[in-house]
There are 2 protein chains.
Amino acid sequence: MTDWDDYPRPAVTVDVVIFTLREGDLQVLLIRRRNPPFQGMWAIPGGFIRIDESLEDAALRELEEETSVRDVYLEQLYTFGDPDRDPRGRVITVAYFALVPADAVRPRAGDDAAEARWWSMYHLPPLAFDHDKILAYALQRLRYKLEYTAVGFELLPETFTLSELQAAYEVILGEKLDKRNFRRKILSAGILEETGEYRTGEGRPAKLYRFRDDAVAEVKARRLFP
Amino acid sequence: MTDWDDYPRPAVTVDVVIFTLREGDLQVLLIRRRNPPFQGMWAIPGGFIRIDESLEDAALRELEEETSVRDVYLEQLYTFGDPDRDPRGRVITVAYFALVPADAVRPRAGDDAAEARWWSMYHLPPLAFDHDKILAYALQRLRYKLEYTAVGFELLPETFTLSELQAAYEVILGEKLDKRNFRRKILSAGILEETGEYRTGEGRPAKLYRFRDDAVAEVKARRLFP
DNA sequence: ACAAAAGTGTTGAGAGTACACCCATGC
DNA sequence: GCATGGGTGTACTCTCAACACTTTTGT
């Protein structure tokens, strides 16, 4: 820290891993790169930070550019900064991950993307830069958080049945769960309330639930540091 | 991500929160700033990244400059990037935290510090920049990790008694632990081995232990949800 | 002998896990 | 009435927390 201007500065970007649940699957939003390097390959949405916006604001801006949503779960994931991760030069990226309910989003291509679409986390295309590493880490973190917080709800629509909730957990964790134990535990946690409505379909109609606002607030309070 | 040169670049620094256990206390290494801004105030050691080194290498370099040690526990903590956190302009800092055994270190002042010394985490001086926030977060993370991993050992010398280990946990967690439960739990985790030596002093001599480096250190996390 | 720290077991409560059948509806 | 998914209870195991006295050494 000798002198302020002595050091060449890296470029700094923010990348946002956007997860959702669609088609009974855990999916992630990717964009196809319009420009070199890695032209035509798939990448996590992101972009350069602006000089007067916070990192979180930059992540929210990217998120909104790609999905038109705000007010979703967003958490800083990790900062990736290997000197050779971008062939154009030194680029450090602060990765975030976001959880959005599928029904709230219609992906749209941004400026630098020819195309944007959902991909299954379990069947990904080849990815630009070190984005495979970033996604692998994001999945690990999502699974881990699911085990001790209630973030799973952030991926579901406003109301849902217990079977839908259980299916969400199973898809993300990649394992089957016992129905009775799941229901007992989730109900005794006191974070759900019945809506009074039912979902009909094949078989017996299922009670619809929503998250209790106060419980969701508690989870949200714990989510982001500073 | 329109064009590479369109964006003014922020400066990027790495700050390293260096924890140790000394004098029966959890302490952190701070340096007194020689230059403005915040001249004369205490700060977490850190500095600008070099254009061709990775973030982790930069953190290791800072750590070695301040403490002359390598090969200690080092983990990326969080990236702080509010636009106004440094009055000189836009500076993003990638914070790391390091755990060093007290007997391995003799702090030394670096280039930009008039002075370097250990401070109790529980009696800190006023800090430069947003370093109070960084330290608060580092402590939270350290406590959290202590509950489900074996990182506590990284703060202790090569060999130690169970009472010393317990005292370390108590200082970091800020609470008293039951001796019998602590011993049973830590021994049944199978991560310690006896050295065969004893530490003598006042009272009955105590067995010395060391950490088994082949042990899987992760203590099973208790899940909030299935 | 006494001070000082090391070391040691049991019990009760609560949480987690495994497991199989009846219920309400649409067709 | 039958196919389909929704909904329910119990017994066993394991983990965690609370709690007090004996042992070994140095002086």
Side-chain angles (χ1 to χ4, degrees), chain A residues 21 23-24 143-144 146-150 152 156-157 159-171 173-210, chain B residues 21 23-24 143-144 146-150 152 156-157 159-171 173-210 215-226:
Chain A
L21 288 171
E23 303 162 349
R143 284 181 171 167
Y144 186 70
L146 210 62
E147 288 180 355
Y148 67 96
T149 71
L156 290 171
T159 64
F160 47 86
T161 68
L162 290 184
S163 294
E164 288 164 356
L165 181 59
Q166 181 177 348
Y169 272 80
E170 289 175 344
V171 163
L173 296 176
E175 60 184 305
K176 287 279 174 209
L177 303 172
D178 179 84
K179 183 162 62 163
R180 281 166 295 187
N181 293 338
F182 180 83
R183 293 164 106 89
R184 176 153 19 88
K185 203 163 173 183
I186 208 88
L187 289 175
S188 69
I191 52 189
L192 297 186
E193 61 185 15
E194 301 182 8
T195 64
E197 313 275 303
Y198 286 79
R199 169 157 304 160
T200 61
E202 288 186 287
R204 177 174 169 176
K207 277 185 184 167
L208 283 169
Y209 291 83
R210 75 167 69 86
Chain B
L21 288 170
E23 304 164 348
R143 286 180 171 169
Y144 185 69
L146 209 62
E147 288 181 357
Y148 67 96
T149 71
L156 291 171
T159 65
F160 46 85
T161 68
L162 289 184
S163 292
E164 289 164 355
L165 181 60
Q166 182 178 346
Y169 272 79
E170 289 175 344
V171 163
L173 296 177
E175 60 183 303
K176 287 280 174 208
L177 303 173
D178 180 84
K179 184 160 64 160
R180 282 164 294 188
N181 292 339
F182 179 83
R183 293 163 105 90
R184 181 181 30 255
K185 201 165 171 183
I186 208 88
L187 289 175
S188 71
I191 53 187
L192 297 187
E193 62 186 13
E194 300 182 8
T195 65
E197 312 274 303
Y198 287 79
R199 168 156 301 159
T200 60
E202 287 187 288
R204 176 172 170 176
K207 278 185 183 167
L208 283 169
Y209 291 83
R210 78 168 63 86
V216 179
E218 303 281 322
V219 176
K220 191 167 59 177
R222 55 168 173 221
R223 302 174 166 197
L224 179 55
F225 290 112

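Lettering of chains follows the sequences in order, A, B, ..., and the numbering in each one begins at 1.
- In this model, the phosphate group of C/dA6 is approached by a side-chain N or O of B/Ser163 to a distance below 4.0 Å at OP1 or OP2.
- Following rounding to the nearest Å, A/Leu187 (CG) and D/dG7 (C1') show an atom-to-atom distance of 11 Å.
- Atom CD1 in B/Ile186 sits roughly 17 Å away from atom C1' in C/dT8 (whole-Å rounding).
- Taking every heavy atom of both residues into account, A/Leu177 and A/Glu170 meet most closely at N-OE2, 3.0 Å.
- One atom, CZ of B/Arg199, and another, P of D/dG26, lie 15 Å apart when rounded to the nearest Å.
- Note that OG1 of B/Thr161 and NZ of B/Lys207 are 12.5 Å apart. Values are rounded to the nearest 0.5 Å.
- Of the inter-residue distances, the one linking A/Asn181 atom CG with A/Ile186 atom CD1 reads 12.0 Å to the nearest 0.5 angstrom.
- Straight-line distance from the CZ atom of A/Phe160 to the P atom of D/dG5: 21 Å, rounded to whole Å.
- Atoms CZ (B/Arg183) and C1' (C/dA6) sit 6 Å apart, rounded to a whole Å.
- The 5' end of DNA chain C is approached more closely, in terms of each residue's nearest nucleotide, by A/Arg180 than by the other of A/Arg180 and A/Gly201.
- Contact detail for B/Glu194 and B/Tyr209: the closest heavy-atom pair is CG-CE2, 3.5 Å.
- You'll find that the side chain of B/Arg204 is closest to C/dG7, out of C/dG7, D/dG7, D/dA17.
- Atoms CD (B/Glu202) and C1' (C/dA4) sit 6 Å apart, rounded to a whole Å.
- Closest non-hydrogen pair, A/Ala168 versus A/Leu156, comes out as CB-CD2, 4.1 Å.
- Note: CG (B/Asn181) to P (C/dG12) measures 16 Å, nearest angstrom.
- Here the nucleotide nearest the side chain of A/Asp178, chosen from C/dC19, D/dG7, C/dT25, is C/dC19.
- Distance NZ (A/Lys207) to P (C/dT25): 12 Å, rounded to an integer number of Å.
- Side-chain atoms of A/Lys179 and base atoms of D/dG7 include a donor and an acceptor less than 3.5 Å apart.
- Toward the 5' end of DNA chain D, the nearer of the two residues B/Gly203 and A/Gly203, judged by each one's closest nucleotide, is A/Gly203.
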